[in-house]
Amino acid sequence: MGMDHVTSLRCTLCGDRYDPESVVYTCSNHEGVTGILEVEYDYDRVHDRFDAAFDGVVPSQWKYRAFLPVRDETEPVTLHEGGTELIETPRLSAELGVETVVKDDGHCPTGVLKDRASSVSTTKAREHGRDVVTCASTGNAAASLAGYAARAGLDCRLFVPGDAPEGKLAQPLVYGADVLAVDGTYDEAYDLSMAVTETFGWYNRNAAVNPFQVEGKRTVGLELAEQTRTDPPDWVVVSMGDGCTIYGAWKGLRESHELGFVDDTPKMLGVQSAGASAIHDAFHDHDDVADVADTVADSIAVGRPRNTVKACTALSESGGTSVVVSDDEILRAERTLGSTEGIYAEPAGAAPVAGVRKALAAGIVEEDERVCLVVTGNGLKDTESAMAATGGIEHIAPDLEDVTERYA
Ligand SMILES: *Cc1c(COP(=O)(O)O)cnc(C)c1O
Ligand SMILES: [Zn+2]
């Protein structure tokens, strides 16, 4: 019984440790939410508990229950997240000039990789006897949390920027959540959600500050390691907003190696938009770290990332790096991914394609390397940007002549 395989929550800034059974969000030694906590494990115990075969067959992320920070007796809140296919992408490879595979997490239940984290955090909320969950979100985390809250029978109250894509606002409404559109940016919505958490005691799912969130996201790394165990990629490419996803992916890949399940780890390539590049700027020691967020890729429109430290750890520990891409390059990437392989990603989900193009041109990725792109979100939630990416539809009269004119 209990959670013996989890040893502590350790502050990434000062190293102070906290009881993993307590509900703490960040280390109290630092101002605001900067003292991000890291969940630490007893890996001998994790290894003993993991009794499945590392054979490439992943029905859902709960195959890795032994790795997840939940009590043995807890029933997970799940909609069948994770277990997404690794897709061979020969036509995309030909288009980019490098061998690629795609991990399409647009197939997760609410359409985003974040479902992995929402599953874990609603499971934790229930474990701690909480009835209300909350988060701030550019859209996807809100929709994802709302779906899992509905599944778990929890009340869900969300803070989103008012200009989020409509599809991402409609979805949590259908899931029965209170959706409060904050008249301001994501960063302002975030600050408000933290104040609300403190005042009302609702369980907070915010990605960086809830230490258990990243732990769910790391199952994408565990899955990738398992699915590529006979043919590992040189690079894994992930877009970065707050930076939790890339760190989660890296932590899972690193653990698979440390536990001896795979021989090697890939390099991580983080991709940001030129209009929201704070992690990239921090990693490359740029003097003027931009704290504005202006990009078509709303899911990574983060001016003040909450997990820069962990994201930079993923880049440096893996021997990887980051690149920035323009909005035009992101929209072109969305079109490329859709038209070459039938994979419909939202802008932030397609950004890795643009990142690989950029990294190839810069000599960061070599043509004889193998690249795994993580598609983090489904395109159906944001059709407006898709219309911008494609130029929209053509109108014709309902007669054969109009068609003949075009194709004869
Ligand atoms: C949230 C999100 C990201 C970025 O994840 P972070 O953890 O904020 O870096 C990327 N793509 C999509 C589709 C997302 O929803
Ligand atoms: Zn600290």
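Order of listing sets the numbers, starting from 1, for every ligand and every atom in it. For clarity, every value in this text was computed on a predicted model and none was experimentally measured.
Put simply, the residue from Ile87, Leu337, Val353, Leu92 that forms a side chain to side chain contact (heavy atoms under 4.5 Å, CB included) with Thr100 is Leu92.
Considering backbone and side-chain atoms together, Gly349 places no N or O closer than 3.5 Å to any N or O of ligand 1. In terms of polar-atom proximity, defined here as any N/O pair under 3.5 Å, Met240 makes no such contact with ligand 1. Checking only distances, Lys217 does come within under 3.5 Å of ligand 1, N or O to N or O. Remark: ligand 1 and Gly241 share an N or O pair separated by less than 3.5 Å (distance only, no angle test).
Between Phe67 and Phe50, the ring-plane angle classifies as perpendicular under the 30° and 60° cut-offs.
Thr74 and Glu127 share a side-chain donor-acceptor pair at under 3.5 Å. For Glu81 and Ser119, the side-chain atoms include at least one donor-acceptor pair closer than 3.5 Å. No donor-acceptor contact under 3.5 angstrom links the side chains of Thr7 and Asp42, judged on distance only. Inspection of the Glu223 and Tyr64 side chains reveals no N or O donor paired with an N or O acceptor under 3.5 Å.
Summarising the local packing, CD of Glu198 is surrounded by 12 or fewer heavy atoms from other residues, nucleotides or ligands at distances under 6.0 Å. A 6.0 Å sphere centred on CZ of Arg370 holds more than 12 heavy atoms belonging to other residues, nucleotides or ligands.
For atom 11 (N) of ligand 1, the closest heavy atom belonging to the protein is Thr376 OG1, 2.7 Å. Nearest protein heavy-atom contact of atom 15 (O) of ligand 1 is Lys114 NZ, 2.5 Å.
Ligand 1 places these atoms under 4.0 Å from at least one heavy atom of Asn140: 13 (C), 14 (C), 15 (O). For ligand 1, the atoms closer than 4.0 angstrom to any heavy atom of Glu346 are 13 (C). Near Gly243, meaning under 4.0 Å from one of its heavy atoms, ligand 1 places the atoms 6 (P), 7 (O), 8 (O), 9 (O). Set against the non-hydrogen atoms of Gly377, the atoms of ligand 1 under 4.0 Å away are 13 (C). Each of the atoms 10 (C), 11 (N) of ligand 1 lies under 4.0 Å from some heavy atom of Ser239.
Between Leu37 and Tyr25, the closest heavy-atom pair is CD1-O, 3.6 Å.
With a 4.0 Å heavy-atom cut-off, ligand 1 is reached by the side chain of Ile300 but not by its N, CA, C or O.
Counting only heavy atoms from C-beta outward, the side chains of Lys114 and Arg205 approach each other to under 4.5 Å.
Centred on the Zn ion (ligand 2), the angle running from Cys11 (SG) to Cys27 (SG) is recorded as 110°, rounding to 10°.
The option with the heavy atom closest to atom 6 (P) of ligand 1, from among Ile246, Asp115, Thr245, is Thr245. For atom 8 (O) of ligand 1, the nearest non-hydrogen atom from the set Asp242, Asn307, Asn378 belongs to Asp242.
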